[in-house]
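The first residue of the sequence shown is numbered 1, and numbering continues consecutively from there.
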Amino acid sequence: LFYVTIVYAVVYLLIFHVFKTAPLQEEKYEMEMAAAEALKANQAADIVVDFDENTVTPTTDAVELADGQKFFESQCAVCHRKDGGGLAGPNLTDKYWKHGGSMSDIFKTIKHGVPNTAMISWENMLNPVKMRNVASYVMTLQGTNPPGGLPPDGQLFEPENE
């Protein structure tokens, strides 16, 4: 067994360091990261966005809403609770909103965040479709009024006939 490890060490040294016929772990990692970055750039280029923060409309597609729900539960629930009832962040299930309760307002809040609060801007981390999915999911929470939710905070928002 001792001699086998010596032979293995010599073969390893020759393959990876002398002849450089195979990449080292760090080189392999860098190659994988570059490939993933290129794939991400290609996918981002393929996304067709035909709306902006002023023309966005809620999605009703079940897959897109599930995508928004998954993101909300993993990232937003820390401050808004999984059911949207509010913890450090406001209650998202009632009709009272600090920054507007329309789809456009919610999208803008997700995109730009709220200065001097824990609500960060997601503009650099999410593409517009993902932000629309999250905003649409937040819209589905309105009226659910979960037990233990925070009291109303902000101004009453009554949606216009859409």
Side-chain angles (χ1 to χ4, degrees), residues 1-93 97-100 102-142 144 146:
L1 185 60
F2 177 70
Y3 293 117
V4 170
T5 59
I6 292 173
V7 170
Y8 179 81
V10 170
V11 170
Y12 181 91
L13 183 69
L14 291 172
I15 289 174
F16 289 100
H17 295 284
V18 176
F19 299 118
K20 297 185 182 195
T21 57
L24 293 171
Q25 288 178 342
E26 291 176 23
E27 294 168 337
K28 184 77 171 169
Y29 173 77
E30 291 299 326
M31 291 179 348
E32 291 289 330
M33 290 301 289
E37 199 61 40
L39 179 64
K40 182 179 175 185
N42 286 341
Q43 288 176 343
D46 290 343
I47 294 176
V48 176
V49 179
D50 58 350
F51 59 86
D52 64 11
E53 57 197 42
N54 297 314
T55 61
V56 65
T57 57
T59 182
T60 56
D61 182 75
V63 174
E64 292 177 342
L65 286 173
D67 177 55
Q69 179 180 7
K70 181 179 175 184
F71 183 84
F72 183 89
E73 290 176 353
S74 68
Q75 298 296 320
C76 310
V78 174
C79 294
H80 296 285
R81 282 190 2 191
K82 198 171 187 176
D83 59 10
L87 284 171
N91 184 339
L92 301 176
T93 64
W97 294 85
K98 289 182 172 184
H99 307 286
S102 70
M103 179 64 180
S104 179
D105 293 331
I106 296 169
F107 185 89
K108 286 178 191 175
T109 302
I110 293 168
K111 183 175 181 178
H112 300 296
V114 179
N116 302 321
T117 69
M119 181 63 192
I120 64 170
S121 169
W122 290 95
E123 184 174 17
N124 295 329
M125 294 169 261
L126 298 178
N127 64 48
V129 174
K130 186 90 163 180
M131 286 188 279
R132 182 201 57 202
N133 295 348
V134 175
S136 296
Y137 175 71
V138 168
M139 298 277 297
T140 67
L141 296 174
Q142 292 184 16
T144 59

Check: For His112, what residues pass the side-chain hydrogen bond (donor to acceptor under 3.5 Å, both in side chains) criterion, not counting sequence neighbours?
Finding: Glu53
Margin query: Per the side-chain hydrogen bond (donor to acceptor under 3.5 Å, both in side chains) rule, what does the pair list look like for residues 124-141, sequence neighbours excluded?
Written below: Glu64-Arg132, Asp67-Lys130, Asp67-Asn133
Notebook entry, point to check: Taking all atoms of both residues into account, what is the closest heavy-atom pair of Pro146 and Gly85, and its distance?
Noted result: CG-CA, 3.8 Å
Next item on the list: Quick one: closest heavy-atom pair of Asp61 and Thr59, and the distance?
Entry: N-OG1, 3.3 Å
Show the atom names and distances, to 0.1 Å, of all donor-acceptor pairs under 3.5 Å that link a side chain in residues 70-77 to residues at least two apart or in another chain.
from  : atom 1 : to    : atom 2 : distance (Å)
Glu73 : OE2    : Gln69 : NE2    : 2.9
Ser74 : OG     : Lys70 : O      : 3.2
Ser74 : OG     : Phe71 : O      : 3.1

Margin query: Tell me if a side-chain donor or acceptor on His80 pairs with a main-chain N or O of Pro90 at a distance below 3.5 Å.
Written below: yes
Notebook entry, point to check: Shortest non-hydrogen contact from Phe51 to Pro128?
Noted result: CZ-O, 3.7 Å
Next item on the list: State, to 0.1 Å, how close Val78 and Leu87 come at their nearest heavy-atom pair, and which atoms those are.
Entry: O-CD1, 3.6 Å
Note to self: Suppose we screen for side chain to side chain contact (heavy atoms under 4.5 Å, CB included). Which residues come up paired with Thr117, at least two apart in sequence or across chains?
What the structure shows: Val114, Met119
Could you pull out all donor-acceptor pairs under 3.5 Å where a side-chain atom in residues 19-35 meets a protein atom, sequence neighbours excluded?
from  : atom 1 : to    : atom 2 : distance (Å)
Thr21 : OG1    : Ile15 : O      : 3.4
Glu27 : OE1    : Leu24 : N      : 2.8

Check: side chain to side chain contact (heavy atoms under 4.5 Å, CB included) with Asn91: which residues, sequence neighbours excluded?
Finding: Thr93, Asp94, Leu150
Next item on the list: Could you list all the side-chain hydrogen bond (donor to acceptor under 3.5 Å, both in side chains) pairs where at least one residue sits in residues 2-17, not counting sequence neighbours?
Entry: none
Check: Rounded to the nearest 0.5 Å, what separation is found between the CH2 atom of Trp122 and the OG1 atom of Thr109?
Finding: 14.0 Å
Notebook entry, point to check: Among all residues two or more places apart in sequence or in another chain, which pass the salt bridge (charged side-chain N to carboxylate O under 4.0 Å, His left out) test with Lys108?
Noted result: none
Notebook entry, point to check: Going by heavy atoms in the side chains, are Val56 and Lys111 under 4.5 Å from each other?
Noted result: no
Item checked: Student check: side-chain heavy atoms of Asp52 and Thr55 closer than 4.5 Å -> yes
Item checked: From Met139 atom CE to Thr60 atom OG1, the distance as rounded to the nearest 0.5 Å -> 12.0 Å
Margin query: So, taking the atom named CD1 in Ile110 and the one named CE in Met131, what distance separates them when rounded to the nearest 0.5 Å?
Written below: 8.5 Å
Check: Asp105: what forms a side chain to side chain contact (heavy atoms under 4.5 Å, CB included) with it, not counting sequence neighbours?
Finding: Ser102
Check: Would you say Trp97 and Leu92 make side-chain contact, with heavy atoms under 4.5 Å?
Finding: yes
